[in-house]
Amino acid sequence: MGGFLLRKAGAALVVVFLSSIVVFIGVRALPGDPALALGAENRDPAVLAAIRHAYGLDQPLPVQYVKWASRALRGDLGLDARQLPVGHTIITRIPITLELALLAVLIGVVIGIFAGVIAAVRRGKLSDHTATTSALVGLSVPHFWLGLMMIIVFAVDLHWLPASGYVSFHEHPLKNLEHLLMPALVLGTGLSAVLMRQTRSAMLNSLTADYVRTARAKGLSERSVIAKHALRNSLITVTTVVGLQLGALISGAVITEQIFVIPGFGRLTLEAVNERDYTLLQGVVLVAATGYVVVNLLVDVVYSLLNPRIRVSGSTTQ
Amino acid sequence: MRGSFKRFAFLALGLVLVGALTAAVAAARGTKSSASQIRNGGTLAIGLAEEPDALDPTIARTFVGRIVFQAMCEKLYDLDSHLNIVPQLAAALPQVSKDKLTYTIKLRKGIKFNDGTALNAAAVKTTIERYLTFKGSVRASEISPIKSVDAPNATTAVLHLSAPYSPLTAQLADRAGMILSPKALASGGSFAQNPVCVGPFSFKDRVAGDHITLVKSPFYYNKSKVHLASIVYRIMTDPSSRTQALRAGDIQVEDRIQSTDVPTLQKDKSVTVSKAVTIGYQGLTLNLGNKNGLLKPYSTVGTDLARSQFLRTAFDVALDRTTINKVVFGGLNQPDCFPIAPVSPWYKPSTKGLQCNLHSNVELAKKLVKASGVSSPSVNLMLGGTDPVTARLGQVIQSMEAAVGIKVSVTPTQFTTALNRADAGTFDAFAIGWSGRVDPDGNIYGFVSTKGTLNDSGFTNAKLDYILNGARKSLTTKSRNTLYRAAMQIIHTQRPLIYLYHPVNYYGITKKVTGVQIFGDGLIRAQFAGYAS
C-alpha cells in the first residue's frame, strides 16, 4: 500500500509540475501585452516599462517561471494588479463557489430524482409528459436569461430576495441562504433536468427487472417496491451523474456568479482573464489544476482501498 | 402517490410558465418621495462598473479607482461643477514665479490625515517625492517637470520645475495631488492594502472582486458635512445585474448605466437618472506615419488615407455624426468634432470659428474622393472591442463611407490586442476613445505631438509641436486658448484623428438618497450625500 501511494503521489507531483508549465505558457499565449492592459490609458513607454519591471515581465520566460514556481512552492502566489495577495483571494473565493455548487446539487437532486421517479412510475401519462417537457425546458433555458428573469420577479418586483451579492454563512446564515437561493436554483434547474432524465431511464429499467417483480409478488406495497427496490438500484447511475455534474457546476458557475454578483472562484477567473492579470490568472489556474490532481489522487486511493486488485494490478504493471 | 403527482404537476407547470409569468410582470414601481432634509447615518452602496486597481495613488491607473479615492483621498486641488480648478487641501491656487519654474502652494491649516497625524508641507514633499521616485509610479510621468520640492514651513510647499509646465495645477487636481500619510508610508506595509489620506471617509476593508468599504472619518476637517456612516463600493461588472440591483434596492447608486437600460430606469419612479456629458471623446485615429511603431521615427505609411488629405476630408465629411449617435447609441451621446468637450470651460474659446458638421455631405465627399485621385479607395477600420455596440458603430461607418465610394472593411479586435496593433502601427483607422482630462493638454498633446506617447497616428507637424509646447509653457488662459485654437485648426485640416462624439454617462440614483454629485469628469461624488429624512 505504501509503495502504491508513493507511486501515485509521485505521478501527481509530475502532473502538477507539468500543469504549472502549461499554465505559465498558456497565460502568456493570451493575445495582448499585459502591460498595456494593466496600464489602462497610460501608454507612456516609461510607465509600461515600470509595469513590466514590477511584474517581472521584462525577464526571460524561464527566469520568470523559476521565480514564480519557487514562490508558489512556498505558498506565495504573489500580488495581483490590485496589490492584494493572490493566495488569500483564492482561498476566500473557493468556499463560495463550492457552497453554491453544493446547494445547486441539493436542489437538482431533490427536484430531478422526484420528477424522474414520478415520470417513470406514470410512464406515458400527463405527469410523464409534463416532467419530460419541463426537463427539456430546463436544459434549454440559458442560465443568464433565467437568472435575470428571476431577479426581475423575486428581487425587483416582489422584493423577496436580494438581487445580488453574497453574505458569508458565519456572518449571517439566513442572509447567506437568501443570497444563494436564486443562483442555486438557476444552477440546479439544469442539473435537475439531467437527473430527471437519468432517473426516469434507470427507473424504467428497474421497474421491469425480475427483482422488482419478485418484490411485488411477495406482496410489498407499491410505495415500498419503488422506494426500497427500484429507486435504490437506480440511484447508482444517478450518483455517478451527480459526481460528474458537480465538476461541471463548479466551472459552469461563472455565468451565474457574474449575473448574481457573487464573488466566487468562477468570477475571479473571468476577471483575471479580462484584466490580463497574469499573477492572478496563473494562481487561479494552478490552484484549479492542482485541485483536480489531488481529487484524482484521492479517488485512486479510495478505489485501491475498496478494491485491492487495483493496487495489485498497479504494482504488476510497473 | 396521487397527491404527490398533483403537487409535482403544479410544480412542473409553474416552472414551464415561469418565463411567461416573468415576461408579463409590469415595470410599475412605487414612488418614493425625496425629502430635502438629510439624516445622519446609513450605508450607501455604489455599484461600480469595473474593479478599481491598487488603492495607492502612486500606482493607480483606473477610472473607477478615482471614484473611490474621491471619498477618501483629497487632493491639493479639485474641480467645481463647471470643471474649474479650485483649492481643496491647498488654501489657494498656486503662486507661480515669473520664470514659471516655481510653484508655491499654501496649505489649509488644522487638517489631519485619517490616522490622526497632521497634514503639513513635509507630507506634501514626502508624497510628491514618492510619486517621482517610486518604482512603477504612474504619476512620475504626469509631474515629471518637478525637479524638487521644498517645505520651508508647515503650511508652505514649493515645487521647483525644470521647465515651465502649465498643466501642472490640473495634474495636482487629480491623483498626483493626493497627499498620503507619511506615517502610513513609513509603516512598511503595502499602502494599497491600507491607504491613509485626508478624506471624509477612511478605508475599512476590501474583498477582492466584491467590495471596498469606507467608513466616516473622525479626523475629517469638515465632518459636519458628512452624513453617511459608510460607503460600500460593490464591484458589479455586468451592467444588467447592476441595473437590477439598483431597482431591487441592493445598491443606491449605479455607475454608468448601459444605454439599453436608460429608458427603463427613466420610467422607474423610485430612481433618478443623472447624466453627465463627459470630458472624454470617441474618435477614429488614422494611421498617417506610424510605420515603425509608436515613438519610432515617423514616415508615411503609404495607405490611401495617409497619402491624400482630400481623401481624409472626404472620409470625415461622409460621416453623419447625428445618425451615428441615433442609430448606434439611441441618441444618448453628444456628437461633436473636437477633442475638448462642450462642458469644458476651454471648449468655446478654443473651437471658436471652427466648423463642425454633424451631418454628412455626400456630394461634397464624392467630389473630394474624386479630387484625391485615388481610384476605389479602401480603408481597414480596426474596432477596439468585440461587443455588439462597437460592431454596430463599425457597420454604420462602413455604410456611410460606401455611399461616397470609400470601401471600409471592419476588423473587430479585442481591446488589448487592438492597442498592441495601434502601437505597432498595423492599422489604417482605429476606433478608440479617451476618457478625457480637465486640461486641454491632456486631450491633445499626447495624441498629435511628435513626442506624444499616445500618437498612434504617427502624426508629425513641426508647427503643431511648436504651438502645443508653447501652450504648455504659457500660463495665461487667454494665450493658451489662442494657441489651442491654432492647434485645433491644424488637427481639423490634417485629420490625424476624426472626432465623433463625447460620451454621455448615465447614473442611476435612488430617490431615497440626496446629495450625490456628478460632474463632467464622470466621477461619482457621494462623500457628502445622505439619506433623505
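The basis for the numbers below is simple: all heavy atoms, side chains too, and nothing from hydrogens, waters or symmetry mates. Chain A is the first sequence line, chain B the second, and so forth, proteins listed ahead of strands; every chain is numbered from 1.
- For the atom pair B:E51 CD and A:D80 CG, the distance stands at 8.0 Å (nearest 0.5 Å).
- In this structure, chain B has no heavy atom under 4.5 Å from any part of A:L161.
- Using a 4.5 Å cut-off between heavy atoms, A:L84 contacts chain B through both its backbone and its side chain.
- Counting heavy-atom pairs closer than 4.5 Å to chain B, the top residue among A:A81, A:P34, A:A49 is A:A81.
- In this structure, CG on B:D210 lies 11.5 Å from CG on A:L268, to the nearest 0.5 angstrom.
- Within the 4.5 angstrom heavy-atom criterion, atoms from both the backbone and the side chain of A:I259 approach chain B.
- Using a 4.5 Å cut-off between heavy atoms, A:A155 contacts chain B through both its backbone and its side chain.
- For B:R421, the CZ atom is densely surrounded, since the number of other residues' heavy atoms within 6.0 Å is greater than 12.
- Judged by distance alone, the side chain of B:R247 and the main-chain N or O of A:A163 form no donor-acceptor pair under 3.5 Å.
- Looking at heavy atoms from C-beta onward, A:N42 lies in side-chain contact with B:S141 at the 4.5 angstrom threshold.
- A heavy-atom distance below 4.5 Å is not found between the side chains of B:I212 and A:R82.
- The side-chain heavy atoms of B:H211 and A:P263, taken from C-beta on, include no pair separated by under 4.5 Å.
- Nearest approach of A:R267 to B:I235, heavy atoms of both residues: NH2-O, 2.7 Å.
- When every heavy atom of B:D250 is checked against every heavy atom of A:P162, the shortest pair comes out as OD2-C, 3.6 Å.
- In this structure, CD on A:Q83 lies 7.5 Å from CG on B:D56, to the nearest 0.5 angstrom.
- Interface check for chain B: of the options A:L148, A:V47, A:V261, A:D277, the most heavy-atom pairs under 4.5 Å are formed by A:V261.
- Within the 4.5 angstrom heavy-atom criterion, no atom of B:T413 approaches chain A.
- Here B:V138 is the residue among B:I251, B:T62, B:V138 with the most heavy-atom pairs under 4.5 Å with chain A.
- B:T237 and A:Q258 share a donor-acceptor pair across their side chains, judged by distance under 3.5 Å alone.
- When heavy atoms are compared at a cutoff of 4.5 Å, A:R43 approaches chain B by way of both its backbone and its side chain.
- If you take CG on B:D423 and CG on A:L48, they are separated by 7.5 Å, rounding to the nearest 0.5 Å.
- Contacts between B:R206 and chain A at a heavy-atom distance below 4.5 Å involve the side chain alone, from C-beta outward.
- Contact of A:R93 with chain B is made through the side chain alone, with heavy-atom distances under 4.5 Å.
- Within the 4.5 angstrom heavy-atom criterion, atoms from both the backbone and the side chain of B:Q244 approach chain A.
- Under the 3.5 Å distance criterion, the side-chain polar atoms of B:N420 are matched with a main-chain donor or acceptor of A:D33.
- Heavy-atom distances place the side chain of B:L295, and not its backbone, under 4.5 Å from chain A.
- Distance CG/A:L270 to CG/B:D238: 10.0 Å, rounded to 0.5 Å.
- For B:I59, the part lying near chain A is the side chain, with the backbone staying farther off; criterion is any non-hydrogen pair under 4.5 Å.
- In this structure, no portion of A:A54 lies under 4.5 Å from any heavy atom of chain B.
- Heavy-atom pairs under 4.5 Å with chain A peak, among B:S137, B:A208, B:G47, B:A60, at B:A208.
- When heavy atoms are compared at a cutoff of 4.5 Å, A:T89 approaches chain B solely by way of its side chain, counted from C-beta outward.
- In this structure, the portion of B:D456 lying under 4.5 Å from any heavy atom of chain A is its side chain and not its backbone.
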